[in-house]
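These numbers come from a predicted model, not from an experiment. Each chain gets a letter, A, B and so on, in the order its sequence line appears, and its residues count up from 1.
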Amino acid sequence: MLSRQEHCGGTRHFSQKSNSPMKEHLNDQELRRREELAELRHMGVEPYPYAFPKTHHSSDILAQFADDNAEVFQDVAVAGRIMAVRRMGKASFFHIQDEAGRIQVYIRKDDIANYEEFRLYDIGDIVGVRGFVFRTKMGEITVHARELVLLCKSLAPIPIAKETEDEHGNKMVHDALADKELRYRQRYLDLIVNSHIRDTFVRRSRIITAMRRFFDERGWLEVETPVLQPIYGGAAARPFVTHHNALDVDLYLRIADELYLKRLIVGGFEGVYEISKNFRNEGMDRTHNPEFTSMEIYVAYKDYNWMMSMVEELFSYVTTQVLGTTDVKFGEEVISFAAPYRRISMLGAIQERTGHDLHGLDEAELRRIASELGVELDPKIGAGKIIDEIFTETVQPHLIQPTFITDYPIEMSPLAKSHRSEPGLTERFELFVNGGEIANAFSELNDPVEQRRRLEEQAALRARGDDEAMVVDEDFLHALEIGLPPTAGLGVGIDRLVMLLTEQVSIRDVLFFPQMKPDK
RNA sequence: GAUCCCGUAGCUCAGCUGGUAGAGCAUUUGACUUUUAAUCAAAGGGCCGUAGGUUCGAGUCCUACCGGGAUCACCA
């Protein structure tokens with residue numbers, strides 16, 4: 001027996017793990033586990049074997065086992081991470097956790113050849129168990145082990161959360177890993193210890209899968225376009241810059257897919273979509289991560305009216321597929337994604353909410369109304385942005401149920417087609433849900449002369465110091481000169497959609513690995 | 001970028017107007033062949049985020065910095 005009490009030397013704070021290959025100081029638990037590892041090897045046990053033929057998930061057994069069908073479960077093999085151990089001398093119970101949940105295992109010295117080995121196992125180790133299923137006298141469905149195999153010796157301790165129920169059946173969690181920084185930095189630990197957060201990410205995956213299926217069924221093609229771009233475009237945002245050594249040129253990480261996808265419509269595809277990471281070099285907060293996922297789709301021969309109907313179908317489909325209903329609970333609200341959604345123009349929505357008709361007003365008049373409404377304005381912004389500010393302050397927070405806001409000022413929408421009947425506006429809509437924007441779409445501007453003029457206006461803004469204004473992309477303009485058919489385009493912020501459908505208020509809770517400052 | 005709050009054992013946290021660092025769980029040793037927050041007995045474990053300062057004396061007070069969280073600003 002090793003004398004494990006002799007190790008009371010250096011300890012290391014749990015959160016200060018460095019990436020260096022050599023750990024300078026091991027705490028007592030880490031030292032002990034290394035000694036156990038050596039002892040296991042000395043006993044001839046391979047602590048890192050190659051495979052284990054498991055037959056069941058924990059949930060399969062718990063769902064299907066009944067006392068009168070016990071013979072069906074005479075020979076099961078389960079595997080997972082040890083999460084709790086109760087040793088009673090010559091017999092022990094422990095729980096293992098697999099992808100689907102937890103199940104209890106019972107081992108007895110009489111039944112297991114390597115019972116002695118078990119004293120060298122720890123919480124966190126991964127084991128395989130072969131045996132039969134039974135119900136303990138306390139009523140818990142349990143695997144009675146005939147064979148116990150170590151599959152992975154864990155060298156670093158994991159925080160142990162214990163869950164109990166009070167007399168009312170309310171679950172209480174003790175000693176959970178609650179520190180958000182640790183949870184984000186070591187998401188693998190978070191997933192082990194707070195296994196319910198897995199559900200958010202499973203749902204995220206299903207949302208994206210449902211979207212793909214919806215598009216694929218309609219014959220639209222999933223495509224990939226460059227992440228590294230010589231000229232960035234398609235949105236108003238600051239980019240990340242990187243450098244290609246062989247070409248000796250700076251490249252930008254994409255801020256949007258838009259301009260490349262439209263090139264593909266020029267090339268003859270009639271429906272293309274892309275689900276991809278975009279990168280914006282801006283602030284981080286509850287709703288912004290520097291890299292985020294968006295879905296953009298472009299369909300030829302359609303306009304934004306068609307696109308609104310498509311979005312209604314899409315979100316009805318996705319919510320039904322993923323949640324089984326179009327009614328989505330979010331906090332106190334129940335949001336209905338059943339079609340149709342309300343459609344109202346931006347100016348109409350402002351008039352409805354404030355009583356002010358902003359049609360045809362000049363900048364001075366708009367500023368007067370803004371200050372009357374208590375909306376603070378940057379003195380540099382023009383008429384279009386003033387309208388947007390008024391909208392954002394007075395209308396947007398009230399848009400809880402899905403609402404299409406249509407017909408945005410032309411200055412804010414350099415890639416959208418001018419409105420067919422409303423001067424100064426574009427055929428653009430955004431979909432607002434629960435006070436936030438989750439989709440943005442337009443009838444795409446395909447007049448190459450007008451597009452050039454609009455991009456040159458952006459360039460002028462840029463020259464005056466607006467570093468988010470767009471850059472003139474000559475190749476994109478050339479593509480438009482070749483000819484883009486009438487096209488409707490849509491972008492959906494996937495992370496925000498996932499937040500909405502998983503009842504999360506922080507983007508960090510729908511990203512496995514949110515951006516963090518480097519750990520020191 | 002601004003403001004506020006937080007940083008004490010592996011985890012969750014207590015530590016009052018400054019006076020020798022605490023609890024529960026986890027860990028170690030012993031007992032225990034149907035336990036389940038297992039139980040019972042004993043034990044080990046702290047650069048009190050970092051660096052200065054005030055003080056006879058700082059986990060506690062002051063300053064700066066680092067890290068985190070929240071709110072606001074920015075960001076379609």
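In this structure B:C47 sits in no base pair that meets the Watson-Crick or G-U test at under 3.5 Å. Nucleotide B:C61 forms a Watson-Crick or G-U wobble pair with B:G53, both donor-acceptor distances falling under 3.5 Å. For B:A70, the paired nucleotide is B:U3, the pair qualifying as Watson-Crick or G-U wobble because both relevant distances are below 3.5 Å. With a 3.5 Å ceiling on both atom-pair distances, B:U36 lacks any Watson-Crick or G-U wobble partner. Of all nucleotides present, only B:G10 satisfies the Watson-Crick or G-U wobble test against B:C25, with each distance under 3.5 Å. Applying the Watson-Crick and G-U wobble criteria (two distances, each under 3.5 Å), B:A76 pairs with nothing in any strand.
Checking A:Ser413 against A:Arg428 by side-chain atom types alone, a donor-acceptor pair falls below 3.5 Å. The closest side-chain donor-acceptor pair between A:Glu430 and A:Tyr408 falls under 3.5 angstrom.
Note on A:Glu30 versus A:Arg34: no salt bridge recorded, every NZ/NE/NH1/NH2 to OD/OE distance being 4.0 Å or above.
Centroid-to-centroid, the aromatic rings of A:Phe429 and A:Phe404 come within less than 6.0 Å. Residues A:Phe391 and A:Phe432 bring their aromatic ring centres within 6.0 Å.
Rounded to an integer number of Å, the gap from NZ of A:Lys90 to P of B:U35 is 17 Å. Distance OH (A:Tyr106) to C1' (B:U34): 5 Å, rounded to an integer number of Å. Rounded to whole angstrom, the span from the CD1 atom of A:Ile112 across to the P atom of B:U33 amounts to 16 Å. Summarising the geometry, the separation between CE on A:Met88 and P on B:C40 is reported as 15 Å, rounded to the nearest angstrom. Counting to the nearest Å, the P atom of B:A76 and the CG atom of A:Leu415 are 13 Å from each other. A:Gln515 places its CD atom 15 Å from the C1' atom of B:G68, with the value rounded to the nearest Å. Per the geometry, NZ belonging to A:Lys109 stands 10 Å off P belonging to B:C32, to the nearest Å. Note: OH (A:Tyr184) to P (B:G67) measures 18 Å, nearest angstrom.
Atom OG1 of A:Thr426 and atom CD of A:Glu411 lie 9.5 Å apart (nearest 0.5 Å). The CD atom of A:Gln97 sits 10.5 Å away from atom NE2 of A:His95, with the distance rounded to the nearest 0.5 Å.
Rounded to the nearest Å, the gap between the P atom of B:C5 and that of B:U63 is 11 Å. Here the separation of B:G7 from B:A14, taken at their P atoms, is 8 Å to the nearest Å. Straight-line distance between the P atoms of B:A41 and B:G46: roughly 25 Å, to the nearest whole Å. Between B:G49 and B:G10, the distance separating the two P atoms is 13 Å to the nearest Å. Separation of the C1' atoms belonging to B:C47 and B:A31 is 39 Å when rounded to the nearest angstrom. Comparing the same atom, P, in B:U55 and in B:C11 gives a spacing of 36 Å after rounding to whole Å. B:G19 sits 25 Å from B:A64 when the P atoms are compared, rounded to a whole Å. A distance of about 28 Å separates the P atoms of B:G15 and B:G52, rounded to the whole Å.
For A:Arg185, the side-chain atoms get nearest to B:G68 when compared with the rest of B:A76, B:G68, B:C74. Each of B:U27, B:A76, B:U36 was ranked by its minimum atom distance to the side chain of A:Arg32; first place goes to B:U27. The A:Glu437 side chain lies nearest to B:A76 when the options are B:A76, B:U33, B:U35. Closest approach to the A:Ile123 side chain among B:A26, B:U33, B:A76 is made by B:A26 (side chain taken as heavy atoms from C-beta onward). Across B:A26, B:U28, B:A76, the shortest atom-to-atom separation from the side chain of A:Asn440 is found for B:A76. Ranking B:G67, B:U28, B:U35 by closeness to the A:Lys137 side chain, first place goes to B:U35.
Of the two residues contacting RNA chain B, namely A:Val85 and A:Asp110, the nearest-nucleotide position lying further toward the 5' end is that of A:Asp110.
In terms of modelled atom types and a separation under 3.5 Å, the side chain of A:Asp125 and the main chain of A:Ser154 share a donor-acceptor contact.
A donor-acceptor contact under 3.5 angstrom links the side-chain atoms of A:Gln104 to the base of B:U35. Below the 3.5 angstrom threshold, one finds no donor paired with an acceptor across the side chain of A:Asp285 and the base of B:C72. Counting atom types as modelled, A:Ser92 pairs no side-chain N or O with a base atom of B:U35 as donor and acceptor under 3.5 Å. Put simply, the side chain of A:Arg428 and the base of B:A76 share a donor and an acceptor less than 3.5 Å apart.
Heavy atoms of A:Phe134 sit under 4.0 angstrom from at least one base atom. Residue-level contact check: A:Arg87 touches the bases, meaning some heavy atom is under 4.0 Å from a base atom. Here A:His95 lies in heavy-atom contact (under 4.0 Å) with a base. Across all strands, A:Glu140 comes closer than 4.0 Å to base atoms (heavy-atom distances).
Considering only side-chain N and O atoms, A:Arg86 lies nowhere under 4.0 angstrom from the phosphate OP1 or OP2 of B:U35.
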